[in-house]
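One structure below.
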Amino acid sequence: VRLDAHRPYNVTSGNVVLNKSNIVLQGGGMASTILKWHHTSGSVGGSLCGQTYLALCGPTGVDADVNWTRGYAPGTTDVTVASDSTFSVGDWVRLKSAFPAEFGVGNSASGPNNAVHVYIARISAKLGSNVLRLDRPLRSDFSNAAAYQQVVQKMHPISNVGLESLTVTPTDRTNPS
């Protein structure tokens with residue numbers, strides 16, 4: 001989306017959310033294309049769909065949870081899941097850990113939705129028998145995965161999204177200059 005140079009763009013209500021791939025707000029230069037938010041609260045900045053006026057975020061994000069069938073030590077690249085039918089080579093996945101073993105805390109009642117650790121990787125191969133090979137080794141100790149309800153979720157990330165050659169700034173309503 002090309003924004004004209006030499007003019008400010010005033011946003012007096014609402015948010016700008018870029019949540020589809022291949023969208024770039026392109027200005028005519030940082031000094032000549034300015035997005036100004038005229039709000040009394042909140043913040044301006046990148047966000048994962050948080051409470052900011054400018055958010056870069058993907059669509060709904062992930063598919064349903066698929067459980068791991070056992071735990072994994074750091075350095076592991078092959079992960080066994082309950083079913084690999086929803087995954088393909090090249091998919092991005094999010095491995096959620098309710099409580100990684102190195103923290104030494106937690107219980108299964110907390111579940112993966114209260115995750116303290118998330119690991120993101122791509123599937124580089126499907127090895128059969130529900131084994132997925134990750135493109136990079138695990139960095140954390142997930143050896144207690146079966147006990148603490150770890151799950152793998154297929155992600156749907158957005159790509160080629162951003163801001164180019166413009167300035168983004170909040171403006172206090174008491175001083176709208």
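- In the hydrophobic clustering of this structure, Trp68 groups with Val66; members are Ile, Leu, Val, Met, Phe, Trp, Tyr whose side-chain heavy atoms approach within less than 4.5 Å, directly or through other members.
- A donor-acceptor contact closer than 3.5 angstrom links the side chains of Ser85 and Ser83.
- Taking Arg133 as the reference, Asp78 meet the salt bridge (charged side-chain N to carboxylate O under 4.0 Å, His left out) condition, with sequence neighbours excluded.
- Looking only at side-chain heavy atoms (C-beta outward), Ile34 and Tyr9 stay at 4.5 Å or farther from each other.
- Annotation: the span from Met30 atom CE to Leu163 atom CG amounts to 10.5 Å, rounded to 0.5 Å.
- Atom NZ of Lys96 and atom CG of Asp65 lie 6.0 Å apart (nearest 0.5 Å).
- Of the candidates Val152, Ile123, Leu132, Asp84 forms a side-chain contact (heavy atoms from CB on, under 4.5 Å) with just one, namely Leu132.
- The distance from atom OG1 of Thr80 to atom CG of Asn130, rounded to the nearest 0.5 Å, is 7.5 Å.
- Residue Met155 is not grouped with residue Val89 when hydrophobic side chains (ILVMFWY) are merged at heavy-atom distances under 4.5 angstrom, including chains of intermediate members.
- Atom CD of residue Gln26 and atom CG of residue Leu3 lie 8.5 Å apart, to the nearest 0.5 angstrom.
- Pro157 and Ser21 get closest at one heavy-atom pair: O-OG, 4.3 Å.
- Pro74 has its side chain out of reach of Arg139: every pair of non-hydrogen atoms, C-beta onward, lies at least 4.5 Å apart.
- Here the closest non-hydrogen pair linking Gln153 and Phe87 is C-CE2, 4.2 Å.
- Screening Lys154, Arg122, Lys126 for a salt bridge (Lys or Arg N to Asp or Glu O under 4.0 Å) with Asp91, the sole residue that qualifies is Lys154.
- In the hydrophobic clustering of this structure, Val24 does not group with Ile158; members are Ile, Leu, Val, Met, Phe, Trp, Tyr whose side-chain heavy atoms approach within less than 4.5 Å, directly or through other members.
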Just do the side chain to side chain contact (heavy atoms under 4.5 Å, CB included) check on Thr167 and Leu35 with the steps written out, would you? CA-CA 6 Å; Thr167 298; Leu35 292 177; over 6 Å; no

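- Atom CG of Leu25 sits about 11.5 Å away from atom CZ of Arg2, to the nearest 0.5 Å.
- Taking every heavy atom of both residues into account, Leu134 and Ser124 meet most closely at O-OG, 3.6 Å.
- Here Asp4 contributes atom CG and Thr33 contributes atom OG1; the two are 7.5 Å apart, rounded to the nearest 0.5 Å.
- Side chains of Leu95 and Tyr72 form no contact here, defined as non-hydrogen atoms less than 4.5 Å apart.
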